2 protein chains.
Amino acid sequence: MRMSKGVEWALHTLLNLDMVDGGPVGSAQLAEAHGLSASYLNKQLQQLARAALVVSVPGPRGGFRLARPLESITLLDVVEAIEGDARLFHCTEIRCCGRIGELSPPPTGTCAVNAAMRRAEEAWHQALAAQNLAEIRAELDATPVVRRIVRSALR
Amino acid sequence: MRMSKGVEWALHTLLNLDMVDGGPVGSAQLAEAHGLSASYLNKQLQQLARAALVVSVPGPRGGFRLARPLESITLLDVVEAIEGDARLFHCTEIRCCGRIGELSPPPTGTCAVNAAMRRAEEAWHQALAAQNLAEIRAELDATPVVRRIVRSALR
DNA sequence: GGCTTACTACTCGGATACTGCTTGTCCGAGTTCAGGGGG
DNA sequence: CCCCCTGAACTCGGACAAGCAGTATCCGAGTAGTAAGCC
């Protein structure tokens with residue numbers, strides 16, 4: 001039960017894409033900025049493009065740029081974009097199998113275990129959706145100095 | 001990012017162990033109750049034993065029994081017992097790598113991305129810790145009928 | 001008859017294979033830009 | 001001098017391998033119960 005490291009890569013890359021304003025940045029430069037594998041980061045960026053968090057520009061001088069401001073991108077958006085489905089617990093309905101399943105009448109309603117786990121995940125989802133990337137940008141002091149460093153690293 | 005199905009197995013098995021009161025139940029019978037792999041369930045039960053949620057009794061007529069009442073076992077206890085560590089996001093500090101890492105001064109404090117993800121996980125942990133197995137037992141109507149079915153299935 | 005002792009059967013416990021997902025890599029499709037040729 | 005066309009280089013996009021955690025299985029260590037032998 002470990003979250004894909006693509007989520008971490010995507011979050012930092014989105015923050016970097018916000019520092020440079022305007023033109024698209026290639027996945028190779030974005031990868032070099034943090035010493036990542038360019039091809040694999042490209043894969044993650046494609047996922048973000050499908051989720052409409054970034055737009056991809058093909059051809060030379062192409063790359064990726066933010067599709068919308070960081071204020072409107074939540075942590076949940078990124079997690080769901082990369083992981084596909086932000087569900088942790090998958091009920092396999094074992095209550096219906098085996099001896100107990102045979103002896104018991106067909107169950108009604110959802111599994112109590114599943115419901116409990118789902119409630120906990122709901123709290124997680126809400127906490128993820130409550131934080132947007134602009135707040136994180138504010139937390140990691142995005143001073144003009146930092147902004148200029150990022151911009152020069154992505155040149 | 002999928003939780004091990006061992007968590008589901010463990011939760012149902014703990015609830016079953018509460019239905020039969022007293023003597024230990026072998027992993028083979030517990031597995032048959034839900035049509036699971038006995039050896040693999042045994043592995044999960046060993047994890048629960050290490051976490052002091054159940055006690056194992058060796059030898060013939062041995063097996064596992066609850067170490068303490070369901071009221072004092074939370075969902076978080078089970079998740080941590082099976083998964084080992086209930087952390088989803090693992091920060092690899094990529095902010096210190098690559099060009100940005102070289103150009104920037106050594107970072108101070110924890111990574112903002114990490115902190116944000118940690119906050120969300122904290123909400124999840126609290127929601128897990130807030131629910132104990134006795135509440136789940138109450139939810140899945142543990143009528144005397146059900147209780148008798150489980151007990152006969154574990155004979 | 002009662003006690004001791006050896007044996008057997010049954011259970012947990014950990015070491016050992018197998019599978020699917022995460023991670024990483026490669027090559028092709030498409031597009032922009034530049035340079036040369038023609039009008 | 002301006003426009004068009006062709007070529008090349010660069011980018012995304014998806015298809016193709018390698019590594020690792022989750023999944024499943026098997027066999028050995030240990031113990032309780034039992035039965036036989038002895039006092």
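Numbers restart at 1 for each chain; the letters A, B, ... are given by sequence-line order, proteins then strands. This structure is a prediction, so every number in the text was calculated from the model and none was measured.
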Q. Which nucleotides of nucleotides 23-29 of chain D have their base under 4.0 Å from a protein heavy atom (B), which only their sugar-phosphate (S), and which neither (-), written as one string 5' to 3'?
A. BBBB---
Q. Going through the checks in order, is the side chain to side chain contact (heavy atoms under 4.5 Å, CB included) test met by A:V20 and A:N16?
A. CA-CA 7 Å; A:V20 315; A:N16 287 341; over 6 Å; no
Could I get a table of every N or O pair under 3.5 Å where one atom is in the protein and the other is in nucleotides 17-19 of chain D?
none

Q: State plainly whether the residues A:R2 and B:D85 are in salt-bridge range, i.e. N to O under 4.0 Å.
A: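 Salt bridge: no.
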Q) Looking at A:R137 and A:E139, does any basic side-chain N land under 4.0 Å from a carboxylate oxygen? A)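 No.
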Q.
Just so I know, are the side chains of B:M117 and A:L11 near enough to count as touching, which here means a heavy-atom distance under 4.5 Å?
A.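 Answer yes - side chains close enough.
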Q) With sequence neighbours excluded, what pairs up with B:Q46 under the side chain to side chain donor-acceptor pair (under 3.5 Å) test? A)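 For B:Q46 there are no side chain to side chain donor-acceptor pair (under 3.5 Å) partners, ignoring immediate neighbours.
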Please tabulate the protein-to-nucleotide N/O contacts below 3.5 Å involving nucleotides 8-10 of chain D, giving atom names and distances.
none

Q: Would you kindly confirm whether A:L17 and A:V57 end up in one hydrophobic cluster when ILVMFWY residues are joined by side chain heavy atoms under 4.5 Å apart?
A: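 No; tracing contacts between hydrophobic side chains, which count when under 4.5 Å, never links both residues.
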(Q) For DNA chain D, which residues of residues 47-56 of chain B approach it to below 4.0 angstrom with any heavy atom? (A)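 Here the set is empty: none.
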Q) So which of residues 74-83 of chain A are in contact with DNA chain C, with a heavy-atom cut-off of under 4.0 Å? A)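 Heavy-atom contacts with DNA chain C come from no residue of residues 74-83 of chain A; none.
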**Q.** Side-chain N or O of B:Q46 closer than 4.0 Å to phosphate OP1/OP2 of C:dC12
**A.**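 No, because none of the side-chain N or O atoms of B:Q46 sits under 4.0 Å from OP1 or OP2 of C:dC12.
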Q) Where is the tightest heavy-atom contact between A:V79 and A:V7, given as atom of each residue plus distance? A)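 Scanning both residues completely, I find the closest heavy atoms to be CG2-CG1, 4.2 Å.
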Q.
Applying side chain to side chain contact (heavy atoms under 4.5 Å, CB included) to B:L66 and B:L53, what does each step give before you reach the verdict?
A. CA-CA 6 Å; B:L66 288 179; B:L53 300 184; over 6 Å; no
